[in-house]
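Structure first, commentary second.
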2 protein chains.
Amino acid sequence: MSLREKKKIETKNKIFEVSGRLFKEKGFENTTVDEITKEAGIAKGTFFNYFSTKEALLLYFGEKKEELVYDLIENETMKNIPTKEKIKNILICLADSCEKDKELTKLLILEHTKCMQHSCLGPDECKNSLYRLNKLVCASLEEGVGNKDVKSSIDVKMVADIITGIHLYSLIVWLKSDGEISFSNSISEKIDMLFEGIGK
Amino acid sequence: MSLREKKKIETKNKIFEVSGRLFKEKGFENTTVDEITKEAGIAKGTFFNYFSTKEALLLYFGEKKEELVYDLIENETMKNIPTKEKIKNILICLADSCEKDKELTKLLILEHTKCMQHSCLGPDECKNSLYRLNKLVCASLEEGVGNKDVKSSIDVKMVADIITGIHLYSLIVWLKSDGEISFSNSISEKIDMLFEGIGK
DNA sequence: GCCAAACTATGACTATAGTCATATTTGACC
DNA sequence: GGTCAAATATGACTATAGTCATAGTTTGGC
């Protein structure tokens with residue numbers, strides 16, 4: 001690795017480390033880019049060579065966090081268990097990860113909502129958590145249709161959207177709550193309900 | 001009405017009217033508060049006497065729009081029709097309203113997501129569209145349980161959350177799309193699916 | 001080791017949302 | 001119609017994200 005590359009990684013890590021500390025201390029909104037750069041010992045302009053906006057730094061935190069979760073989730077998808085359980089497990093993995101850092105989750109869900117809309121990124125570059133979840137659920141459902149675990153009459157894409165929606169809104173409700181409800185429990189019950197149907 | 005009150009209403013309307021025009025012309029982001037106040041013939045500080053932030057003005061647009069929709073929706077809830085149809089109709093009313101102004105919907109959904117999280121407002125003051133929808137669906141489901149339209153074993157609150165989630169994510173997907181899909185159609189099919197269940 | 005080109009850092013500068021002390025207007029009371 | 005308190009308007013000012021022309025650094029080829 002060249003000196004240049006080494007320095008680049010070092011600077012990016014320094015920004016990451018310093019901002020992580022400051023965000024924890026005083027929150028994202030109350031931390032200025034000026035503070036981050038001063039603490040990191042770099043000029044303000046340099047910050048924007050690494051992250052195009054302050055929000056981009058937030059998304060980087062999200063990526064780092066999601067790298068870990070999606071490894072776990074990938075594991076779940078490999079298992080040979082009923083489709084319903086598989087989908088539940090995927091959602092529970094995600095929920096657990098969200099529960100580990102409520103503040104970060106709160107900030108990220110906003111950015112992801114923004115990101116989904118602007119459709120600046122195509123399906124594949126988009127690291128968006130919602131999009132990834134949707135694709136994984138879709139794959140599990142397709143498998144489920146093959147296994148006769150799931151009605152063959154369903155539109156897989158549509159059900160994946162329903163499940164992603166359940167995740168998203170449950171997340172929002174949980175974020176709003178003051179910790180008395182468990183995100184992973186609430187989502188698990190909802191999946192049961194979807195599989196059973198609510199009509200008489 | 002006193003002169004003071006009259007002037008106040010006039011100024012608020014002037015801001016509303018001018019900003020509406022400017023937002024349509026150049027978009028929300030590209031319109032500055034300075035421009036709005038200059039066009040409206042008021043000082044910058046005055047703007048913030050009427051709307052605490054630029055986003056609050058956006059929410060005001062949302063309120064005005066939602067006043068109309070929720071009148072229609074209120075009507076639907078009165079009708080004596082099967083629960084599934086009633087819920088579909090509610091969602092379709094909302095969807096139609098969203099389809100009328102995609103740009104505004106895009107901006108509002110972000111604000112509503114923000115608003116839901118900060119839980120600054122209690123259930124009743126909160127004009128948030130998602131929250132209102134949730135409550136209406138909840139009421140319809142309760143009625144449905146009474147009518148034996150819906151399984152009595154369900155947790156009404158939970159199903160309302162599922163349906164709100166379906167609305168929210170369908171909205172996001174539709175906002176991202178380039179107009180080829182119909183928001184109201186897509187949501188209608190999803191409700192059928194939820195009533196029937198997807199498990200085998 | 002020297003040079004030019006490519007890359008990276010810098011910080012003064014710009015743009016814009018939002019604040020706040022002060023000035024102006026209004027309404028009620030005499 | 002004069003006077004005072006409350007309500008409202010004002011715009012210079014602040015805070016902060018993000019830009020960009022310039023300066024400095026690294027690299028690979030000679």
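All chains are named by letter (A, B, ...) in the order of the sequence lines, taking the proteins before the strands, and each is independently numbered beginning at 1.
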Could you list, one pair per line, each protein nitrogen or oxygen that sits under 3.5 Å from a nitrogen or oxygen of nucleotides 27-30 of chain D, together with the distance?
unit_1 : atom_1 : unit_2 : atom_2 : d
D/dT27 : OP1    : A/L3   : N      : 2.8
D/dT27 : OP1    : A/R4   : N      : 3.1

Protein-nucleotides 11-15 of chain C N/O pairs closer than 3.5 Å?
unit_1 : atom_1 : unit_2 : atom_2 : d
C/dG11 : N7     : A/G45  : N      : 3.3

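The closest side-chain heavy-atom distance from B/E17 to B/K14 is below 4.5 Å.
Taking every heavy atom of residues 12-30 of chain A and every atom of DNA chain C, no pair lies under 4.0 Å.
Every residue two or more places apart in sequence or in another chain that forms a side-chain contact (heavy atoms from CB on, under 4.5 Å) with B/E142 is listed here: B/V156. Partners of B/K64 according to the side-chain contact (heavy atoms from CB on, under 4.5 Å) rule, which considers only residues two or more places apart in sequence or in another chain, are B/F16, B/Y60, B/E67. The side-chain contact (heavy atoms from CB on, under 4.5 Å) search around A/E180 returns A/S177, A/D178, not counting sequence neighbours. Here B/K102 pairs with nothing under the salt bridge (Lys or Arg N to Asp or Glu O under 4.0 Å) rule; sequence neighbours left out. Every side-chain contact (heavy atoms from CB on, under 4.5 Å) that A/I109 has, sequence neighbours left out, goes to A/T113, A/L168, A/L171, A/L175, B/Q117. Evaluation of the ring-ring contact (aromatic ring centres under 6.0 Å, His included) rule for A/F28 yields A/F23 as partners, not counting sequence neighbours.
The backbone N or O of A/T31 lies less than 3.5 Å from a partner atom in the side chain of A/K54, making a donor-acceptor pair.
Screening residues 33-42 of chain B for side-chain hydrogen bond (donor to acceptor under 3.5 Å, both in side chains), with sequence neighbours left out, gives B/R21-B/E39, B/K26-B/E35, B/T32-B/E35.
Taking the screw axis at each terminus of the helix from C/dG1-D/dC30 to C/dC30-D/dG1 from five consecutive base pairs, the angle between the two is 0° to within rounding of 10 degrees.
Contacts of A/F51 with the nucleic acid, taken as non-hydrogen atoms under 4.0 Å apart, are absent.
Dashed line: the shortest gap from a side-chain N or O of A/K7 to OP1 or OP2 of D/dT26 is under 4.0 Å.
Regarding A/F47, its CZ atom lies at a distance of 13 Å from the P atom of C/dA9, rounded to whole Å.
In the hydrophobic clustering, where aliphatic and aromatic side chains (Ile, Leu, Val, Met, Phe, Trp, Tyr) are joined below 4.5 Å either directly or transitively, A/I9 groups with A/M1.
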